[in-house]
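This report concerns only the one structure given below.
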Amino acid sequence: MAWLRVVDALKAEVGTKVTVKGWIRTRRDSKAEGGLSFLNVHDGTCFDPIQVVCPGSLSNYASEISKLTTHCSVECDGTIVATPKGGKEISADPANGGAVRVIGWVDDPDHYPIQPKQHTMEFLRENAHLRVRTNTFGAVARIRHTLSMAMHRFYHERGFFYVHTPIITASDCEGAGQMFRVSTLDLMRPLPRVAPEQESAEAKKLREEFSKKPNMPAWTYGQVDHCKDFFGKEAHLTVSGQLNVETYCTALSRVYTFGPTFRAENSNTSRHLAEFWMIEPEIAFADLQADSELAEDFIKYLINACLTERADDMKFFDERIEKGLLTRLGHVLNTPFRRLPYTEAIKILEKAIAGGKKFEYPVKWGIDLQSEHERFLTEEHFKQPVILMNYPKQIKAFYMRLNPPGTDGAPGDTVAAMDVLVPGVGEIIGGSQREERLDVLDARITEMGLPIKEYWWYRDLRRYGTVPHAGFGLGFERAMMFITGMGNVRDVIPFPRTPGSAEF
RNA sequence: UCCCUGUUAGCUCAAUGGUAGAGCGACCGGCUGUUAACCGGUAGGUUGUAGGUUCGAGUCCUACACGGGGAGCCA
């Protein structure tokens with residue numbers, strides 16, 4: 001008998017002898033025909049389980065099969081047969097060599113957390129090690145894989161190179177938020193609180209002894225001296241691979257990075273994680289328009305991949321997680337994204353307010369748009385993905401390219417930045433054309449009060465054969481939410497890390 | 001970090017300040033080619049933690065812990 005995965009067993013010809021290995025989803029019993037049990041067995045290879053029909057004539061029927069509960073593991077030998085309703089199932093009739101072997105029992109089934117019933121997302125989140133055994137999280141896991149693979153394929157097909165940018169960064173110049181410190185110093189040791197000249201001889205001796213040990217923070221009165229730290233300077237977990245990937249862009253033309261990203265912000269929302277995954281492509285000889293076209297093609301490619309490769313899981317999300325999901329995604333797929341200058345967006349919002357629309361925050365050219373404004377534009381006004389472009393320079397990062405004065409008729413300076421907003425999730429992509437002119441870049445760095453010396457290697461890219469280039473960052477978990485309809489970012493990553501929570 | 005809200009059986013939730021209950025799940029039995037099965041029965045509780053008010057607290061008060069929703073920050 002050939003061992004087939006459930007996905008293949010469901011496609012096998014009637015009459016094929018097969019073995020399947022997996023876990024019990026449900027068991028139902030009938031007393032007909034001298035005892036009959038129906039086992040739904042799944043192995044995660046597809047959404048549907050396969051039904052194994054177990055007649056009472058099996059030698060272990062009364063002793064084992066009739067006692068199986070959810071998530072007991074089994075090996076089933078049998079023959080593929082047609083069900084009365086036209087599907088496929090496995091007959092484990094011993095007369096034809098059928099057998100069911102129990103591999104692992106579920107201890108104390110009354111207290112096994114994942115019962116065959118509806119659970120809340122909150123409960124399953126607290127059982128993150130077991131939740132992938134449910135329909136929902138099995139589907140999420142498969143979609144997450146499909147999305148990853150589709151993403152690599154999209155870039156590979158277009159001649160991009162995958163660059164592994166570092167996780168640890170020793171430059172504090174990324175400016176994308178609070179960072180986690182990386183250190184081997186033993187910070188459990190207290191720092192001396194007195195000035196060296198006031199230190200007692202005994203304390204001084206103790207301090208000098210400590211300083212000779214490995215991993216001890218060397219200190220200069222009251223301050224940690226990171227020159228004795230592992231990297232010889234203060235180091236952090238990356239908040240973005242962009243600055244690094246730009247270096248490869250200016251030699252390989254089309255590159256992308258995909259990896260974990262860390263933000264130490266105390267954000268407690270359904271859209272934020274302390275550890276998340278981000279995709280950042282970077283294209284040379286390209287402007288913001290090309291960047292926005294790449295972003296649109298990319299999102300559509302991802303949607304299409306999930307719809308065609310995982311129709312079973314997507315159907316489940318449409319039926320049980322977000323009604324109308326497939327219609328929504330189909331609409332996104334078939335409609336060009338709306339491109340809208342920031343300056344125009346402000347006018348639309350002001351017009352809406354004049355028409356009676358109430359917002360908590362005021363709208364005025366020059367201020368950043370709030371969640372409620374973005375939601376209004378993408379969910380109410382346009383009802384489709386919107387790419388907002390050319391933001392006021394004072395609310396955007398230093399590396400974004402300064403537009404010519406008067407772009408879009410704006411009353412102030414703008415930069416070539418874009419945000420892609422989608423209904424339900426909000427900002428899913430943030431990107432820009434990068435400032436390739438060294439003098440303009442330097443002026444921006446200085447203007448924003450950033451330490452220009454720290455940017456020496458980033459500035460070198462502009463000194464040596466500079467080119468216009470652009471890129472963006474797509475939050476992988478936000479893309480997951482958008483495509484699955486899942487409402488909380490903590491439920492689209494296997495083990496979420498959030499403030500106060502790093503269980504598992 | 002701020003605002004709102006919640007924590008009672010394995011899970012989801014009830015319970016005027018006065019004997020702690022139901023549905024689902026588990027277990028036992030009945031019925032049945034079943035598939036969110038159905039019918040009957042059994043077991044299952046230090047009501048998040050620590051204080052306080054009261055003759056009496058799941059219920060009122062205080063603090064803390066944890067969860068959820070929203071905001072800010074962003075992806």
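Below, chain A is the first sequence line, B the second, and so on; all start at residue 1.
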Legend entry - A/Lys88: salt bridge (Lys or Arg N to Asp or Glu O under 4.0 Å) partners, not counting sequence neighbours: none
Inset, instruction - Take A/His111 and A/Asn266, find for each the nucleotide of RNA chain B with the closest heavy atom, and name the residue whose nucleotide sits nearer the 5' end. - result: A/Asn266
Expected rows: protein N/O vs nucleotides 24-29 of chain B N/O, under 3.5 Å:
from	atom 1	to	atom 2	distance (Å)
B/rG25	O2'	A/Gln115	OE1	3.3
B/rG25	N2	A/Asp110	OD1	2.2
B/rG25	N2	A/Asp110	OD2	3.4

Inset, instruction - Check whether any side-chain nitrogen or oxygen of A/Arg271 sits under 4.0 Å from OP1 or OP2 of B/rG69, and answer yes or no. - result: no
Legend entry - Bracket notation of RNA chain B in which parentheses pair within the strand, [ ] cross earlier pairs, and | pairs with another strand (Watson-Crick or G-U, under 3.5 Å): (((((((..((((....[..)))).(((((.......))))).....(((((..]....))))))))))))....
Legend entry - Residues from residues 475-495 of chain A lying under 4.0 Å of RNA chain B - heavy atoms: A/Gly475, A/Arg478, A/Asn488, A/Arg490
Inset, instruction - Could you tell me whether A/Asp43 and A/Arg5 make a salt bridge, using a distance below 4.0 angstrom between a side-chain N and a carboxylate O? - result: no
Inset, instruction - Describe the nucleic acid contact of A/His272 in one word from base, sugar-phosphate, nothing, applying a heavy-atom distance below 4.0 Å. - result: base
Legend entry - Options B/rA75, B/rA37, B/rC73, nucleotide nearest the side-chain atoms of A/Glu427: B/rA75
Inset, instruction - Please check the phosphate of B/rG72 (OP1 and OP2 only) for any side-chain N or O of A/Ser371 closer than 4.0 Å. - result: yes
Inset, instruction - Check whether the ring centres of A/Phe154 and A/Phe160 lie less than 6.0 Å apart, and answer yes or no. - result: no
Legend entry - Base of B/rG69 paired with side chain of A/Glu122 (donor-acceptor, under 3.5 Å): no
Inset, instruction - Mind listing the residues from residues 139-151 of chain A sitting with a heavy atom below 4.0 Å of RNA chain B? Number order is fine. - result: none
Legend entry - Inter- and intrachain pairs under ring pair (Phe, Tyr, Trp, His ring centres under 6.0 Å), touching residues 98-126 of chain A, at least two apart: A/His119-A/Phe123
Inset, instruction - Round to the nearest Å and state the distance from A/Glu360 atom CD to B/rC2 atom P. - result: 17 Å
Legend entry - Partners passing salt bridge (Lys or Arg N to Asp or Glu O under 4.0 Å) against A/Asp312 (at least two apart in sequence or in another chain): A/Arg310
Inset, instruction - List for me each residue that meets salt bridge (Lys or Arg N to Asp or Glu O under 4.0 Å) alongside A/Glu319, sequence neighbours excluded, and say none if there are none. - result: A/Lys315
Legend entry - Distance-minimising heavy-atom pair for A/Pro494 and A/Ala128: O-CB, 4.1 Å
Inset, instruction - Not counting sequence neighbours, which residues clear salt bridge (Lys or Arg N to Asp or Glu O under 4.0 Å) with A/Lys383? List them please. - result: none
Name each donor-acceptor pair under 3.5 Å that joins a side chain in residues 145-152 of chain A to protein atoms two or more places apart or in another chain, with its distance.
from	atom 1	to	atom 2	distance (Å)
A/Thr146	OG1	A/Arg142	O	2.9
A/Ser148	OG	A/Arg144	O	3.0
A/His152	ND1	A/Tyr256	OH	2.7

Legend entry - Closest to the A/Ser270 side chain, choosing from B/rG33, B/rG70, B/rC11: B/rG70
Legend entry - d(CZ, A/Phe262; C1', B/rA75) in whole Å: 14 Å
Inset, instruction - Output every pair passing salt bridge (Lys or Arg N to Asp or Glu O under 4.0 Å) with a member in residues 288-306 of chain A, not counting sequence neighbours, ordered by first then second residue. - result: A/Glu296-A/Lys300, A/Glu296-A/Arg339
Could you give the side-chain donor-acceptor pairs of residues 17-25 of chain A under 3.5 Å, partners two or more places apart or in another chain?
from	atom 1	to	atom 2	distance (Å)
A/Lys17	NZ	A/Asn96	O	2.9
A/Thr19	OG1	A/Asp77	OD1	2.8
A/Arg25	NH1	A/Asn135	OD1	2.9
A/Arg25	NH2	A/Arg133	O	2.8

